[in-house]
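Counting starts at 1 for both ligands and their atoms, following the listed order. Since this is a predicted model, take the numbers as computed values, not measurements.
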Amino acid sequence: MVKYSEYIQEEEIRKSLIIDINDFTDAELENSRLSFARNSKFIISVASNSGYPSHNKREIAFAGRSNVGKSSLINSITDVTGLARVSNTPGRTQMINFFSQDDAFFLVDLPGFGYAKASKDAIKKWKNLTYDYLQGRKELELVLFLIDSRHGIKEIDENIMDILDSAAVSYQIIMTKYDKINKSQSQKLIETTNEKISKRAAARPGILVSSSKDKYGLDIIRALIYRIINT
Ligand code: GTP
Ligand code: MG
């Protein structure tokens, strides 16, 4: 049996690794709330790097395996249902979708990877499109790297992290669908995830947890984006 003191200690470790509301000032929380309450606009869907929108703002991209919840999270933080297309069919988002937020910055919905039924041709297209964007887009400020709480970081995620590390693109890990796991699963997940990212060059420290279903963690994600855009 786990001793109570050990349990408390583990709980403290878990808490210290999760980025929470106390990591932000009241002003950051309020200003980010206001910024995300303003105009969210779909701009363009692109299938090649010649179609990127031209602007002088910064971009925050959502990356992760197919079905991890990228499009849902964009809809949740902007509070606009249907802004990004959500689907039960994995591999739904196959183009790069650009959204402008508050005319101040862009949210970018990347096509998911690791879809088991994808054809060789589809995987090649995904690679060309996504690698080009991740390695060469100068407006890209931060990648929000989404990981399904039920699965944790897999080899395929590690491969994309290798690309981000070598291209020196900063990324933040977000555990999605946090509503689907319990506390003891969370304990293990957070510690294992932290171990996997702690030695990575371009990973930001700390882990965000979110649920688009329960609207959990959204204020913290907004505040993080706001901080990055304004520093
Ligand atoms: P691709 O576009 O295929 O790469 O997928 P995606 O990462 O954009 O995932 P999407 O947002 O389309 O969500 C996939 C499925 O997961 C949908 O059925 C969502 O309703 C569901 N989903 C997304 N976020 C959550 C969450 O936080 N909790 C739960 N329970 N379900 C979620
Ligand atoms: Mg999607």
Side-chain angles (χ1 to χ4, degrees), residues 18-20 36 40-47 59-99 101 106-119 121-134 142-161 163-164 171-183 185-186 189-190 193 207-222 224-225:
I18 294 178
I19 299 175
D20 76 8
F36 275 90
S40 313
K41 262 187 310 212
F42 167 72
I43 301 296
I44 194 169
S45 248
V46 313
E59 295 178 353
I60 307 287
F62 293 67
R65 295 179 72 178
S66 187
N67 206 48
V68 71
K70 299 176 290 297
S71 303
S72 300
L73 193 57
I74 290 179
N75 294 340
S76 297
I77 61 171
T78 58
D79 203 16
V80 181
T81 311
L83 182 66
R85 250 171 101 186
V86 170
S87 169
N88 286 319
T89 321
R92 165 63 70 191
T93 313
Q94 293 189 346
M95 297 206 278
I96 301 182
N97 293 306
F98 292 82
F99 305 90
Q101 181 57 43
F106 281 71
L107 302 175
V108 179
D109 192 6
L110 295 172
F113 52 84
Y115 171 44
K117 288 188 194 148
S119 65
D121 192 42
I123 293 172
K124 202 168 149 205
K125 271 195 195 141
W126 176 87
K127 271 199 171 163
N128 286 338
L129 183 62
T130 315
Y131 285 20
D132 262 3
Y133 178 83
L134 292 175
L142 173 74
V143 171
L144 297 177
F145 201 115
L146 276 49
I147 304 287
D148 191 317
S149 294
R150 295 167 300 175
H151 306 136
I153 294 176
K154 299 280 187 211
E155 193 183 344
I156 190 156
D157 300 308
E158 303 252 18
N159 296 339
I160 309 296
M161 286 179 200
I163 303 238
L164 296 173
Y171 54 99
Q172 173 68 57
I173 300 294
I174 302 184
M175 313 305 308
T176 61
K177 309 195 186 185
Y178 201 58
D179 53 282
K180 294 217 178 200
I181 61 163
N182 62 36
K183 226 168 178 190
Q185 290 170 312
S186 157
L189 171 79
I190 298 298
T193 305
I207 297 164
L208 279 161
V209 298
S210 75
S211 165
S212 290
K213 183 169 167 273
D214 293 349
K215 308 283 169 216
Y216 182 73
L218 307 179
D219 43 1
I220 301 165
I221 296 172
R222 291 185 195 112
L224 179 82
I225 294 175

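Annotation for ligand 1: atoms under 4.0 Å from non-hydrogen atoms of Ser72 are 10 (P), 11 (O), 13 (O), 19 (C), 23 (C), 24 (N). Near Gly112, meaning under 4.0 Å from one of its heavy atoms, ligand 1 places the atoms 4 (O). Using a 4.0 Å cut-off to heavy atoms of Ser211, the atoms of ligand 1 that qualify are 27 (O). Against a heavy-atom cut-off of under 4.0 Å, Ser212 is close to the following atoms of ligand 1: 24 (N), 26 (C), 27 (O).
For the pair Leu73 and Val68, the minimum side-chain heavy-atom distance is 4.5 Å or more. Counting heavy atoms from C-beta outward, Val46 and Tyr133 have side chains that stay 4.5 Å or more apart.
A donor-acceptor pair is defined here as one N or O able to donate and one able to accept, closer than 3.5 Å; such a pair exists between the side chain of Lys70 and the backbone of Gly64.
On a distance-only criterion, Lys70 and ligand 1 share at least one N/O pair closer than 3.5 Å. Considering both main-chain and side-chain atoms, Lys180 never comes within under 3.5 Å of ligand 1 through any nitrogen or oxygen pair. For ligand 1, none of its N or O atoms has an N or O atom of Pro111 under 3.5 Å away. Polar contact check, Arg85 against ligand 1: no nitrogen or oxygen pair lies under 3.5 Å apart. Between Gly69 and ligand 1, at least one pair of N/O atoms sits closer than 3.5 Å. Polar contact check, Thr176 against ligand 1: no nitrogen or oxygen pair lies under 3.5 Å apart.
Only the side chain of Asp179 comes within 4.0 Å of ligand 1, judged by heavy-atom distances.
The number of heavy atoms from other shown groups lying within 6.0 Å of NZ (Lys215) is above 12.
For the Mg ion (ligand 2), the N/O/S atoms of Ser72 include none lying under 2.8 Å.
Scanning both residues, Ile156 and Gly114, for their nearest heavy atoms gives CD1-CA, 3.4 Å. In terms of heavy atoms, Phe99 sits closest to Leu83 at CE2-O, 3.3 Å. Scanning all heavy atoms of the two residues, the minimum distance from Leu142 to Tyr171 falls at CD1-CA, 3.9 Å.
To the nearest 0.5 Å, atom CD1 of residue Ile174 and atom CD1 of residue Ile19 are 8.5 Å apart.
Residue contacts with ligand 1 include Asn67, since one of its heavy atoms falls under 4.0 Å from the ligand.
Tyr131 and Trp126 have perpendicular rings, their planes meeting at more than 60° on a 0 to 90° scale where under 30° would count as parallel.
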